[in-house]
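Notes follow the structure.
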Protein chains: 2
Amino acid sequence: MNRETAITAAPDAESPLARRLSQYLDLTYSERDALRALEQERHEFEPGDIIAREDEALERMYIVGSGWLHASTHLQDGARQILRFIFVGEIATMFSVAWEYSAATLTAVSRCTLYGFERTTLGQLFREYPRLGALLYAVAAAEQVAMADRLTSIGRTDGMARIATLLLDIRSRLRAVGEISGSQFEVPLTQQDLGDAVGLTKTHIGRSLKALEKTGLVEREGRLIRITDVNALSDIVDFKDRHAHIDTSWIAQKH
Amino acid sequence: MNRETAITAAPDAESPLARRLSQYLDLTYSERDALRALEQERHEFEPGDIIAREDEALERMYIVGSGWLHASTHLQDGARQILRFIFVGEIATMFSVAWEYSAATLTAVSRCTLYGFERTTLGQLFREYPRLGALLYAVAAAEQVAMADRLTSIGRTDGMARIATLLLDIRSRLRAVGEISGSQFEVPLTQQDLGDAVGLTKTHIGRSLKALEKTGLVEREGRLIRITDVNALSDIVDFKDRHAHIDTSWIAQKH
DNA sequence: CGCTGAATTGACTTCGGTCAATTCCTGTGG
DNA sequence: CCACAGGAATTGACCGAAGTCAATTCAGCG
């Protein structure tokens, strides 16, 4: 873990995790406070920085305050698989909740800031704010379904559809956290990265990307991506946004 | 939902969910009782029966009491992807926790019995037994990592390795719930099913399966599978058992 | 004993991988 | 301000793993 700088967060800053969770459930003031308490100690990272390494001990948990990163694994033959991208308001260390070590390597995609806290604090949160516990569980379930979607994309569709799905996914997540200004967005990933995410070679990413452009549904200018007709593309590749809405009616109402 | 028969569970039967969870955390009597309360209404299914259908409303939740099933999705072109297999003591409806509908189709693989309960009961559980909430969260995180493993397998390895990984995974899960007698186990799946699980055609499953047999590490007799050297095969395909152990030290101790 | 769905086998095709050369950027230092 | 270095992208030729299609065999079952 390098380039980290522990600073106390501005006390009045709104918590990114709270912002994200309150999309789904109306939170009380004390619940918001409890979430803010998770974001004491701040760390800054530059693109490419490695936050945690696969199989290495990882005691603390981290929440994304700004920017985005990805989780990946490496095989013996040197191949890499990017498992998921992680955005503002998410628990970056989801892959190490269940063990004393991290099951994946965490790498910064853009400049980003993370907030760290003790793992036992999470246990405390479940104990004192059960609604938040239930909500985190629901979000984890949604995330699992999103991952199942990627599995389907990789297992059963061709190169063009895989990339299209990935771009739609990244777009909708960036939008959800308000990191997209206009109709286009920046994807600071190399073709190698894209390939490792969707299970293709960088060479073939180039070919598929070009084929995708030829359909007219996607435009590209360096690292800037513009999807001209999101609905049309979503229909073609059967993309579903798993984060726009989640049902929390089974969780107790606010008081 | 067909062939269902609502019967009250034998009051002294041990809860499969409790049995599974207590592998990871020492549960109190009242926690065990709370878990047993989830298993009131019982349903029986035959192999091939469909328990829930993708995109259709699914209000209740189901826990697996015996047997196993799988969750799948279907694409417009008729292709199918099996997302995961679900075993005794798991929440079968994980893919519908976050919505009013199911994100996957649930199909019985073997004869199996499920226990249904109201979704709000889950909210209650989080409220009254926060340790169980935290534990369910940890298990969901582990499950997400297991799914990430499958993603890697499908995205970055060849046919033989994909099948080998799948067989090792099924074996270790069947063992975990005590459904394996000797060194071999029954896999009541067609080659089509296996293909839909690992992203290959049924034809190619046949070829890969035969290649796998030729290595001498796997033997096959109809639906019976025997892995002669589990450790050797695990090393070759880099298989990791994500369920043997999970860390719960961050969850409060029993009283 | 014949029917049906699954498994096996073979011939041929294709999508994506491999390898390698070339071009394009972008940042850097003279 | 320009030359240069090095990574990324592009392009092309060729290869191979997996898909497709179809015929044949097998196994369970009424």
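We name chains A, B, ... by the order of the sequence lines, and we start the count at 1 in each one.
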Between A/Lys202 and B/Lys202, name the one whose nearest nucleotide on DNA chain D is closer to the 5' end. A/Lys202
side-chain N/O B/Gln192 vs C/dA7 OP1/OP2, d < 4.0 Å: no
B/Glu186 CD to D/dG28 P: how many Å, rounded? 12 Å
Angle class for the A/Tyr62/A/His43 ring planes (parallel below 30°, perpendicular above 60°, tilted otherwise)? perpendicular
Taking atom P of C/dG16 as reference, at what distance in whole Å does atom CD1 of B/Ile154 sit? 15 Å
Touch check for B/Arg223, heavy atoms < 4.0 angstrom, all strands: base, sugar-phosphate only, or nothing? sugar-phosphate
Closer than 4.0 angstrom, basic N to acidic O: yes or no for B/Arg156 and A/Asp196? yes
Between D/dA9 atom C1' and A/Leu189 atom CG, what is the distance in whole Å? 15 Å
Looking at C/dT8, D/dT10, D/dA8, which one has an atom nearest to any side-chain atom of B/Gln191? C/dT8
Is the NZ or CZ atom of B/Arg242 positioned over A/Trp99's six-membered ring, under 6.0 angstrom from the centre and within 45° of the axis? yes
In whole angstrom, what separates B/Met160's CE from D/dG16's C1'? 16 Å
Once you apply a heavy-atom cut-off of 4.0 Å, does B/Gly222 come out as touching a base, just sugar-phosphate, or nothing? nothing
Whole-Å gap separating C1' (D/dT10) and CG (A/Leu212): 17 Å
Rounded to whole Å, the CD-P distance (B/Glu221 to D/dG28) equals 11 Å
Please check: side-chain N/O of B/Ser96 versus main-chain N/O of B/Leu58, any donor-acceptor pairing under 3.5 Å? no
Nearest heavy atom decides the nucleotide; on that basis, is A/Asp158 or B/Glu213 closer to the 5' end of DNA chain C? B/Glu213
When we call it a touch if two heavy atoms are under 4.0 Å apart, what does B/Arg220 touch: a base, just sugar-phosphate, or nothing? sugar-phosphate
Given D/dA18, is OP1 or OP2 found less than 4.0 Å from the side-chain N or O atoms of A/Arg156? no
Could you list all N or O pairs between the protein and nucleotides 20-26 of chain D that sit under 3.5 Å apart?
none

So OG1 of A/Thr105 and CD1 of A/Ile82: to nearest 0.5 Å the spacing works out to 10.5 Å
d(CG, A/Asp196; P, D/dA8) in whole Å: 12 Å
Distance, rounded to the nearest Å, where B/Leu224 contributes CG and D/dG28 contributes P: 11 Å
Any chance the side chains of B/His70 and B/Arg84 put a donor and an acceptor closer than 3.5 Å? no
Just checking, any donor-acceptor pair under 3.5 angstrom between side chains of A/Asp193 and A/Thr190? yes
